[in-house]
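These numbers come from the heavy atoms of this one structure, side chains and all, not from hydrogens, waters or symmetry mates.
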Amino acid sequence: MPAELIDGVSIAREIRQEIAEKAARLAERGIRPGLAVVLVGDDPASAVYVRSKGRACDEAGMYSSTINLPATTSQPELLEVVNRLNADSRIHGILVQMPLPKQLDADTVIRAIDPRKDVDGFHPVNIGKLLIGERDGFVPCTPAGIQEMLRRSAIETSGAECVIVGRSNIVGKPMAALLMQDAAGANGTVTVCHRHTRDLGAHTKRADILIVAAGRAGLVTADMIRPGAVVIDVGMNRIDDPNSSRGYRLVGDVDFESVSKVASRITPVPGGVGPMTIAMLMSNTVKAAEQIGAA
Ligand code: NAD
């Protein structure tokens, strides 16, 4: 039987509806959650992400502001913008769109964001809170979205063999930290694989829940999947497609065609993890507004 699709678009829509309701309740207390997105340079893919983040905020009744800076922006100039946003009471969440032009140091910029407004969850304070299980911090949006997606799809993580392929700071590592917590929606037995893992398939084949974030189209094939496993494909890779008007199409890291014949549940690309990431960014912004508003 082919795997059932986990529909990120409809789950994200449901979450965005709930966020709009929370935002409306905050508005009754005179608080309008506000997100500032800083975009440096004119990378077209980043511009598309930034626009969709702004649109999603508008739809939920939140305040959003995009700060477009030239590609030649210096580190002190960018830090000044971040400091201004840290002090701006209309802004509860700050996101600096990555990647940054090469004269700018992303780590320094991330550390300059007030951790209470770090809705991307990349500040070391928030990563530390995630690891030790403190709940007032912010969890990076993609892993948070995956956990929420599993929860809303009634996929049991407790005691499950959870295998993660990829150990980036934005997906693999925080995903592992989340799933290993002693908490609802977690309690998994986590294995993290990466570029140096010997015999990747031997690990992926043990997974009840396999999460792949490697950025390699078609890396995971059907022979690497345990029958009935749940497969979450984070990858977003552009591959040439002369039949598409854009000349390319988006594919994940998982060979969907073959893997969907073995797995029990699977996320599509696009329409799986991607929409969840934006929903969680909004959710983190509302959480920031609630926490800052209550302070
Ligand atoms: P990254 O390049 O920072 O990290 C990739 C990781 O995969 C590394 O840790 C590396 O060790 C591992 N890896 C690479 N090749 C491997 C192999 N052959 N075997 C085992 N491990 C291997 O990537 P990232 O930022 O974590 O992103 C991963 C993918 O997820 C990309 O395609 C990216 O576009 C996508 N992504 C999607 C979303 C979303 O919202 N849908 C969000 C973030 C990232």
Side-chain angles (χ1 to χ4, degrees), residues 12 15-16 18-23 25-27 31-40 46 49-69 78-79 81-100 106-131 134-149 168-171 173-175 177-178 273-295:
I15 294 171
R16 281 158 60 163
E18 293 165 12
I19 291 167
E21 286 160 19
K22 276 192 185 176
R25 280 198 295 278
L26 277 169
I31 302 166
R32 188 173 183 210
L35 173 70
V37 180
V38 182
L39 178 60
V40 188
S46 294
Y49 289 138
V50 168
R51 268 200 302 278
S52 54
K53 286 164 184 170
R55 227 182 1 249
C57 284
D58 295 344
E59 276 170 27
M62 294 160 63
Y63 172 68
S64 79
S65 157
T66 303
I67 294 103
N68 290 291
L69 299 174
L78 178 54
L79 292 177
V81 170
V82 169
N83 286 334
R84 183 165 52 74
L85 295 170
N86 281 340
D88 186 337
S89 60
R90 289 169 307 174
I91 300 299
H92 304 96
I94 302 170
L95 179 153
V96 179
Q97 184 67 40
M98 303 290 165
L100 290 171
D107 286 342
T108 307
V109 174
I110 289 167
R111 281 168 172 74
I113 297 171
D114 182 337
R116 293 170 307 165
K117 295 189 175 187
D118 168 42
V119 286
D120 246 345
F122 296 161
H123 192 290
V125 165
N126 285 315
I127 295 290
K129 286 189 174 188
L130 164 60
L131 202 59
E134 263 182 38
R135 288 162 184 250
D136 64 343
F138 296 101
V139 177
C141 300
T142 301
I146 293 170
Q147 185 184 44
E148 196 55 31
M149 191 177 222
S168 71
N169 287 340
I170 64 168
V171 190
K173 279 187 210 166
M175 189 79 247
L178 254 188
V273 174
M276 296 298 294
T277 300
I278 294 189
M280 298 321 285
L281 173 69
M282 298 165 66
S283 169
N284 278 349
T285 304
V286 167
K287 178 177 172 179
E290 284 169 347
Q291 292 184 166
I292 294 170

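Shown here is Tyr63, whose OH atom has more than 12 heavy atoms of other residues, nucleotides or ligands within 6.0 Å.
Atom CG of Leu78 sits about 10.5 Å away from atom CD1 of Ile67, to the nearest 0.5 Å. Going from atom CG of Asn83 over to atom CG of Asp88 covers 12.5 Å, rounded to the nearest 0.5 Å. In this structure, CG in Leu85 is found 11.0 Å from CG in Leu95, a value given to the nearest 0.5 Å. A distance of 11.5 Å separates OG1 in Thr108 from CD1 in Ile113, rounded to the nearest 0.5 Å. Rounded to the nearest 0.5 Å, atoms CD1 (Ile15) and CE (Met276) are 3.5 Å apart. Taking CD1 of Ile91 as the reference point, atom OG of Ser64 lies at 8.5 Å (rounded to 0.5 Å).
Residues Ala144 and Met280 come closest through the heavy atom pair C-CG, 3.9 Å. Residues Gly121 and Pro140 share a closest heavy-atom pair of O-CG, 3.4 Å. Residues Ile110 and His123 come closest through the heavy atom pair O-CD2, 3.3 Å. Residues His92 and Ile292 come closest through the heavy atom pair O-CD1, 4.0 Å. Nearest heavy atoms, Val139 versus Asn284: O-ND2, 3.1 Å. Heavy atoms only, all atoms of each residue included: Val96 and Asp120 are closest at O-OD2, 4.3 Å.
Taking 4.5 Å as the limit, every side-chain heavy atom of Val82 sits out of range of all side-chain heavy atoms of Val38. In this structure the side chain of Cys57 never reaches within 4.5 angstrom of the side chain of Thr285, judged on heavy atoms. Looking at heavy atoms from C-beta onward, Ile94 lies out of side-chain contact with Asp114 at the 4.5 angstrom threshold. Contact of the Leu281 side chain with the Thr277 side chain is not registered, since no non-hydrogen atoms from C-beta on lie closer than 4.5 Å. Val125 has its side chain out of reach of Asp118: every pair of non-hydrogen atoms, C-beta onward, lies at least 4.5 Å apart. A 4.5 Å side-chain heavy-atom check between Val286 and Glu290 finds at least one atom pair inside the cut-off.
Of the possible donor and acceptor atoms, one in the side chain of Asn126 sits under 3.5 Å from a partner among the backbone N and O of Phe138. Counting only distance, with no hydrogens or angles, the side chain of Lys117 and the backbone of Asn86 share a donor-acceptor pair below 3.5 Å. With hydrogens and angles ignored, the 3.5 Å screen pairs no side-chain donor or acceptor of Arg111 with any backbone N or O of Pro124. Between the Ser283 side chain and the Ala279 main chain, no donor and acceptor come within less than 3.5 Å of each other. With Asn169 contributing its side chain and Lys173 its backbone, the two residues share no donor-acceptor pair below 3.5 Å. Although no hydrogens or angles enter the test, the distance criterion places a donor-acceptor pair under 3.5 Å between the side chain of Gln291 and the main chain of Asp136.
Sorted by first and then second residue, the pairs that involve residues 50-64 and meet salt bridge (charged side-chain N to carboxylate O under 4.0 Å, His left out), not counting sequence neighbours, are Arg16-Glu59.
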